[in-house]
Amino acid sequence: MTVRVRFAPSPTGYLHVGGGRTGLYNYLFARHNNGTFVLRSDDTDEARSTEEFRLDIIESLRWLGLDWDEGIEVGGPMQTYRQSERLARYQEVAAELVAAGKAYHSFASPEQLDQFRKEAQAAGRSPAYDGSLEPSPADATARLAAEEPATVRFAVPRPGETSFEDVVRGTVAFDHAQVEDFVILRSNGTPTYHLASSVDDVDFEISHVIRGEDLLSSTPKHILLTEAMGAERATYAHLSLLMGPDGKKLSKRHGHTAIKAYRDDGYLATAMVNYLALLGWSPGEDETVVSLGDMVARFDLSTVSKNPAIFDTDKLQWMNGVYIREMSPAEFVDAVRPLVEADLDRRLDDGEMEKLAEIAPLVQERAKLLTEVPPQVRFLFGDIEYDEASWNKVMTKEGAAEAVAGAADRLATVDGWSIDVVEASLRAMLAELELSARKGLQPLRVAISGSSVSPPLFESIAALGRPRTVERLEAARERMG
RNA sequence: GGCCCCGUCGUCUAGCGGCCUAGGACGCCGCCCUCUCAAGGCGGUAACGCCGGUUCAAAUCCGGUCGGGGCUACCA
């Protein structure tokens with residue numbers, strides 16, 4: 001069987017984490033089955049679609065590492081993968097369906113429809129519109145000839161039922177009494193989602209439609225449309241939705257929903273992909289950290305969970321830390337350099353890059369987010385600002401002044417300069433002053449970094465260099481009076 | 001309201017009739033390590049929504065109930 005799947009977001013917003021997961025599952029399924037992954041732009045909603053969002057979707061998918069074989073940006077056998085450029089084809093199909101008596105021009109006004117639904121509901125009948133408001137065929141022809149605006153609706157066969165085997169949900173059935181004669185062409189001639197999507201899935205020969213559960217109840221419409229076109233239906237798989245911590249559909253008020261926002265916050269694509277995959281799928285074997293390649297090898301759509309999943313940033317953050325620690329030192333420096341330079345608002349010179357490389361491994365094992373790094377290394381590259389809370393907590397303690405003074409004097413004159421030399425010198429000082437490491441070293445940390453939290457002290461001092469270390473210790477000594 | 005989907009620790013999940021006194025991961029708590037913060041090591045906390053039924057045996061099958069979610073547009 002040739003597997004062809006598509007991810008078809010609407011460019012009406014930045015790529016959402018839920019969309020990212022849907023894209024990922026499509027990608028995993030395609031790659032696992034040596035199939036084709038198509039990226040389509042479902043941009044029939046002209047009013048809400050923008051170029052910015054279209055670009056963001058492409059960029060976010062690329063960032064996640066989900067490359068596609070056919071579609072927007074990369075092309076393929078179809079002339080275009082943007083629905084907005086295939087309008088004529090949808091109109092053609094709609095005309096064919098009308099000619100075949102499988103669809104009809106509808107003159108029902110919004111008000112009439114509204115009333116129909118209300119009455120049906122009040123009478124305990126299905127509110128699904130069944131075409132009963134339409135004029136006789138002769139009248140319809142006349143009104144059409146008079147250019148009266150009309151939509152095109154699909155004539156759902158009633159009585160009837162559409163059922164299908166959903167790969168993740170099992171058998172799902174819908175009574176046609178519940179499926180309305182849905183609009184496929186608006187009165188302005190543009191196609192609705194149902195038409196455009198179904199036509200494209202047929203024309204692009206999509207074998208598996210993997211999408212969000214929000215489209216589950218639209219599936220009978222798509223199957224009806226597909227079969228009315230004389231095509232074979234695809235296999236469907238509906239993924240549960242992503243929820244916020246309160247169990248409600250994930251939205252802006254829960255924090256970030258855009259993939260891009262996580263990238264900006266210092267998350268790694270590898271961690272994001274791993275985390276997203278676990279939201280509804282388990283590689284088994286009690287494993288949680290799995291590379292994209294491993295996922296491809298082990299992915300099985302039929303084992304995907306039916307439960308909605310809550311997007312938990314705590315676990316994402318933990319996982320990000322795992323992936324940060326997995327980077328090689330060079331990769332880490334490369335990843336962090338632009339952030340440090342942006343923080344400083346200038347380029348780092350060769351000497352500074354050496355210092356960064358020196359201290360980076362120490363920061364790497366501590367960071368959960370890339371964005372935590374600049375504040376941790378800032379002290380090496382520019383003037384420091386004292387964090388007042390740190391200063392007040394540490395510098396007013398017993399022995400703090402002595403430690404700073406002692407360190408300043410010793411480090412100014414010690415022979416040589418290395419981590420070991422710094423440590424030996426400072427430990428000797430602690431012994432002489434009879435201070436514990438905790439009490440004696442914290443003031444030095446604040447003096448050289450400005451904060452009570454920093455990378456390990458001896459390494460930090462060694463990287464800072466003698467002149468600046470002594471300078472900062474003297475400055476602190478002075479500030480302490 | 002109607003139709004549809006879902007229901008195992010706080011969260012993501014394993015589990016497919018006996019291997020379950022329910023496993024793993026995050027979080028949380030404690031201890032160890034320690035120059036801060038992390039990381040790491042060790043230990044702990046915590047769940048089969050409820051009620052019936054089937055069966056020698058049910059987290060696993062069936063029914064109901066309750067709860068959550070989706071759809072109900074000339075949005076997608």
Side-chain angles (χ1 to χ4, degrees), chain A residues 8-10 12 42-45 47-49 106 108 110 113-114 117 120-122 124-128 149-153 166 168-170 172-175 177-180 182-188 190-194 196-197 211-220 238 240-241 243 245 247-249 275 278-289 305-319 321-322 325 362-368 372 376 390 394 423 426-427 430 436-442 444-446 449 451-458 460:
Chain A
S10 289
T12 54
D42 278 13
D43 56 354
T44 48
D45 187 344
R48 296 196 299 148
S49 297
S106 169
L113 256 10
D114 199 46
R117 290 173 186 129
Q121 210 181 101
R125 293 192 312 265
S126 166
T151 59
V152 175
R153 287 181 184 273
D166 190 287
V168 344
R169 266 145 230 288
V172 184
F174 289 87
D175 186 332
Q178 302 297 336
V179 183
E180 67 172 351
F182 55 99
V183 173
I184 58 175
L185 223 50
R186 301 186 185 101
S187 52
N188 67 4
T190 60
T192 59
Y193 170 76
H194 303 304
S197 176
R211 56 174 23 171
E213 196 193 336
D214 50 340
L215 261 2
L216 184 61
S217 37
S218 297
T219 304
H238 289 90
S240 60
L241 268 16
M243 304 295 172
K248 303 289 182 200
K249 193 174 172 182
Y275 178 69
L278 259 30
L279 253 27
W281 176 71
S282 165
E285 311 290 314
D286 288 343
E287 285 180 68
T288 48
V289 179
S305 167
K306 305 186 230 297
N307 301 7
I310 290 175
F311 190 80
D312 174 23
T313 36
D314 277 344
K315 190 161 184 174
L316 207 209
Q317 214 172 88
W318 162 78
M319 189 164 276
V322 170
R325 276 172 258 128
L362 269 14
V363 182
Q364 180 176 1
E365 66 183 54
R366 292 168 162 63
K368 284 205 170 95
E372 288 169 13
Q376 290 280 302
S390 294
V394 174
E423 174 160 10
L426 259 19
R427 292 226 184 259
L430 292 177
S436 66
R438 190 186 190 90
K439 278 185 149 173
L441 263 25
Q442 272 302 84
L444 309 187
R445 185 187 309 284
V446 173
S449 77
S451 167
S452 59
V453 177
S454 84
L457 188 66
F458 308 128
S460 295

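Hydrogens, waters and symmetry mates are skipped; everything else that's a heavy atom, side chains included, is used. Letters A, B, ... are given to chains in the order of the sequence lines, protein chains preceding strands, and every chain is numbered from 1.
Taking every side-chain heavy atom of A/Q178 into account, B/C3 is the closest of B/U13, B/C3, B/G27. Considering only the side chain of A/S305, B/U13 comes nearest among B/C6, B/U13, B/C37.
Within 4.0 Å of A/P245, counting heavy atoms only, lies no atom of the nucleic acid at all. Nucleic acid contact for A/Q121: base, since at least one base atom lies under 4.0 Å from a heavy atom of the residue. At the heavy-atom level, A/R125 lies nowhere under 4.0 Å from the strands shown. A/Y275 comes within contact range of no nucleotide atom at all, as no heavy-atom separation falls under 4.0 Å. A/S451 comes within contact range of no nucleotide atom at all, as no heavy-atom separation falls under 4.0 Å. Within 4.0 Å (heavy atoms only), A/L215 reaches at least one base atom of the nucleic acid. At a threshold of 4.0 angstrom between heavy atoms, the contacts of A/M243 are confined to the sugar-phosphate backbone, with no base atom among them. Within the nucleic acid shown, A/S126 has no heavy atom closer than 4.0 Å to any nucleic acid atom. Heavy atoms of A/L279 sit under 4.0 angstrom from primed sugar atoms or phosphate atoms, though from no base atom. Among the heavy atoms of the strands lying under 4.0 Å from A/P308 are primed sugar atoms or P, OP1, OP2 only; no base atom is included. Residue-level contact check: A/G124 touches neither bases nor backbone, having no heavy atom under 4.0 Å from any strand. At a threshold of 4.0 angstrom between heavy atoms, the contacts of A/A128 with the nucleic acid are absent. Residue contacts for A/R438: at a heavy-atom cut-off of 4.0 Å it reaches the sugar-phosphate backbone alone, with no base atom in range. At a threshold of 4.0 angstrom between heavy atoms, the contacts of A/S10 are confined to the sugar-phosphate backbone, with no base atom among them.
Look at B/G67: its Watson-Crick or wobble partner, with both distances under 3.5 angstrom, is B/C6. Across all strands shown, B/A25 pairs with B/U11; the Watson-Crick or G-U wobble distances both stay below 3.5 Å. Using the Watson-Crick or G-U wobble rule with both distances under 3.5 Å, B/C74 pairs with nothing in any strand shown. Pairing for B/C31 goes to B/G41, judged as Watson-Crick or G-U wobble with the two contacts each under 3.5 Å. B/U60: no Watson-Crick or G-U partner with both key distances under 3.5 Å is found in any strand. Within the shown strands, nothing qualifies as a pairing partner of B/A46 under the Watson-Crick or G-U definition with both distances less than 3.5 Å.
The side chain of A/T44 contributes an N or O atom lying less than 4.0 Å from OP1 or OP2 of B/A76. Listed pair A/K368 / B/A39 meets the phosphate criterion, a side-chain N or O lying under 4.0 Å from OP1 or OP2. The side chain of A/R117 places no N or O atom within less than 4.0 Å of a non-bridging phosphate oxygen (OP1 or OP2) of B/G1.
Side chain of A/D166 to backbone of A/H238: a donor-acceptor contact under 3.5 angstrom is found. Checking side-chain atoms of A/S390 against main-chain N and O of A/S452 turns up a donor-acceptor pair under 3.5 Å. Remark: side-chain polar atoms of A/S10 are not paired, donor with acceptor, to backbone N or O of A/T12 under 3.5 angstrom. Between the side chain of A/R366 and the backbone N or O of A/P455, no donor-acceptor pair lies under 3.5 Å. When atom types are taken as modelled, the side chain of A/Y275 and the backbone of A/F311 share no donor-acceptor pair closer than 3.5 angstrom.
Ranked by how close their nearest RNA chain B nucleotide is to the 5' end, A/F458 and A/R366 are led by A/F458. Checking A/L216 against A/N188, the closest nucleotide of RNA chain B that is more toward the 5' end is the one next to A/L216.
Of the P atoms belonging to B/G1 and B/A38, the separation is 49 Å, rounded to the nearest Å. Here, B/G18 and B/U65 have their C1' atoms 29 Å apart, quoted to the whole Å. Across the P atoms, B/C37 and B/C31 are found 14 Å apart, a figure rounded to whole Å. Taking the C1' atom of each, B/G2 and B/G44 are spaced 49 Å apart, rounded to whole Å. The same atom, P, is picked in B/A73 and in B/C16; the two are 42 Å apart, to the nearest Å.
Residues that satisfy the ring-ring contact (aromatic ring centres under 6.0 Å, His included) test with A/F182, not counting sequence neighbours, are A/F154, A/H194.
From A/T288, atom OG1 reaches atom CE of A/M319 across 5.0 Å, with rounding to the nearest 0.5 Å.
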